[in-house]
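Here's the structure, in structure tokens; my notes come after.
Predicted model, so just to flag it, every value in this text is computed and none were measured. Counting begins at 1 with the first residue of the sequence.
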Amino acid sequence: MYKRQTSIAALARGVPAVSLARHLAEASSPALFPVDLEAHWEMPLALIAVARSPIEPRELSRLVGDDDAAASLLASGLVRSTASGLELARPGLSDAIVQRTKPELLMRCHELLAERARDQLIEELSRESRSVISARLTLHLSLAGRAREASDLFQASIALVEAAPRSWLPAAEALLQSASGEAQALALARVLVRAGEPKAARELVRDLALRTGGADATLLEGECSIELGDAASARALLERFVPASSIEGARRAALLARALIRLGAFGDATAVLAFELDSDLEPSVRADICECAGVAAMYTGDLARARRCLTEAAELLDESAAPRRRVRAASYRAILAFREGDLDAAERGYRDALAVAEKHGLADQLARCSLNFGTACHQRGDIAEATSAYARGEALALALDQPDLILVLMFNAAKLHADAGSLDRAEAKADAVIDRARRQSAAFFVAAAQSVLGDVAFARGDLERAREQFDLARRGFLAEDAKREVAEEHLEL
């Protein structure tokens, strides 16, 4: 998983996709690691390699009992000094050092780092800092051979995970090696999803669902598929699922509505949500239902209802909500502002969402935020900025294999080419969108791409083909209950 995370992190920082192979090669080249190491470097190097965060020079000296450890390592060029402390000069060195270090010495390093983390858990910590340090303590306890303690700490810290989900990814991977029971496996799978690894989570819960047939595993598999951009698979799974209670029914409805919205089936999403909410429903699920109802209303032209529903959803969430959840909420509010014509509010919303995604390293959310920001730039007529944003989003979506997001980015690129007068590129891209959308059962985007083909034909003076494509688009939008788009196609006709 290391290379994949490095790839995505590089793309999120703006490393061009074409430069990614070179970036990875430079980061992990074994040629950068010396064949022979001085014996007194072994312990401090191993500590830095497994620490997962920089270590201050004085702290390193205290841990290894050598006042000259930091200066010696800095002189070797194997580590570098940062504002936060000492870290390896190249990220790829970590694997090489761990492979060369004796297992008993690695366990001793984890013991020392666990003690260090425990000392850092003081009362004055913020919720986010407590989450980060608890994650480190859980990781080091697990890798020091203290699996029971690590498991107990994880269970006691589940409420903290949402504050810094990416920090828990290494701990979750370590705990999975000794996980016992469906409940803990599900809890760890949820951490993987929140930390931006829905693919690994889906593999885990699929196995659980097959073995146990449990509702929690099935619903989480649906969520993973949505996060992976595989809305068609999520829809098929959730439509087969038969809830055993009103609570399960509400959770299913919220997820199914999200999948349908991703597929552009806004009328179907509205129908799925047409039920009385249980009074015992937890706020997060109620917020999801209100939000989906608002998004469906927004795309079917009822902006007043959309505003009411999205406002209610926001009131049900607070700052303790998962970062991914806050990004989604901010993005939807920005989209509504955009559709209401308030571009300033839309841009502020997109920037808020982007800030949360960047702070928490949510690469897949960065892809969506780039898409949304690009759309705002496109609307303002800033073709260059929109092109750049779409390219960043598409590179991340391709790296993450998110089919529905790739589809939206392809459509937006087609529309952008048409608006910029690049008609051949627009036509080729729109044809590709239609082909992909049909394979993904995303009828809304078939209609949207046909509308672009109408624009292309009109610009070329082929009025008969333009009318044919606009009519196909109008009928497609009508079938999907997309009222605003139907009205626009009537104007084109």
Is the shortest side-chain heavy-atom distance between [X] and [Y] below 4.5 Å?
X	Y	value
S84	S53	no
L256	F241	no
S61	D66	no
E347	F338	no
I289	L281	yes
R116	L112	no
F445	R436	no
L208	L220	no

With rounding to the nearest 0.5 angstrom, report the [atom1] to [atom2] distance, [X] to [Y].
X	Y	atom1	atom2	answer
I48	E87	CD1	CD	9.5 Å
R305	L310	CZ	CG	10.5 Å
L121	S129	CG	OG	10.5 Å
R52	R136	CZ	CZ	11.5 Å
E340	M298	CD	CE	9.5 Å
M410	I406	CE	CD1	8.5 Å

inquiry  = Would you say that more than 12 heavy atoms from the other residues, nucleotides or ligands in this model lie under 6.0 Å from the CZ of R58, or not?
reply    = no
request  = Please indicate whether R211 has more than 12 foreign heavy atoms, meaning atoms of other residues, nucleotides or ligands, lying under 6.0 Å from its CZ.
outcome  =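 It does: R211 CZ has more than 12 such atoms within range.
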query = Would V205 and L186 count as a side-chain contact (heavy atoms from CB on, under 4.5 Å) if you check the C-alpha gap in whole Å, the side-chain angles of each, and the deciding distance to 0.1 Å?
reply = CA-CA 7 Å; V205 295; L186 276 170; 4.1 Å; yes
Hey, are [X] and [Y] close enough for a salt bridge, meaning a charged N less than 4.0 Å from a carboxylate O?
X	Y	value
K199	D230	no
D152	R146	no
R190	E162	no
E227	R258	yes
R325	E291	yes
R328	D288	yes
E115	R118	no
R326	D352	no

Show the nearest heavy-atom pair for residues [X] and [Y], with the distance to one decimal.
X	Y	result
A215	E248	CB-OE2, 3.3 Å
Y390	T375	OH-CA, 3.4 Å
L74	V79	N-CG2, 3.7 Å
P403	L228	CD-O, 3.3 Å
L317	A329	CD1-CB, 4.1 Å
A201	V193	CB-CG2, 3.5 Å

Donor-acceptor pair, side chain of [X] and main chain of [Y], under 3.5 angstrom:
X	Y	value
T138	A150	no
T218	G214	yes
S134	R130	yes
T300	A297	yes
R252	L238	yes

key: Worked verdict on R62 versus E59 for salt bridge (Lys or Arg N to Asp or Glu O under 4.0 Å)   = CA-CA 5 Å; R62 183 186 70 79; E59 182 72 2; 2.8 Å; yes
key: Residue pair F444, L407: steps toward the side-chain contact (heavy atoms from CB on, under 4.5 Å) verdict   = CA-CA 11 Å; F444 177 88; L407 182 60; over 6 Å; no
[Y] and [X] side chains, donor-acceptor separation under 3.5 Å:
X	Y	result
E128	S126	no
W168	S131	yes
S225	R202	yes

ask   = Taking the six-membered ring for Trp, are H110 and H140 parallel (under 30°), tilted (30 to 60°) or perpendicular (over 60°)?
value =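 It falls in the tilted class, 30° to 60°.
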inquiry  = Parallel, tilted or perpendicular: which one describes the rings of Y299 and F266, with boundaries at 30° and 60°?
reply    =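 Rings of Y299 and F266: parallel, under 30°.
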message = Run E104 and R108 through salt bridge (Lys or Arg N to Asp or Glu O under 4.0 Å) and show every step you take.
response = CA-CA 6 Å; E104 55 269 27; R108 177 57 184 157; over 6 Å; no
inquiry  = Quick one, L106 with L143, criterion side-chain contact (heavy atoms from CB on, under 4.5 Å). Give me CA distance, side-chain angles, the key distance, then yes/no.
reply    = CA-CA 8 Å; L106 287 176; L143 295 179; over 6 Å; no
query = Hey, mind stepping through D404 and L263 against side-chain contact (heavy atoms from CB on, under 4.5 Å) and telling me if it holds?
reply = CA-CA 7 Å; D404 68 329; L263 293 169; 5.8 Å; no
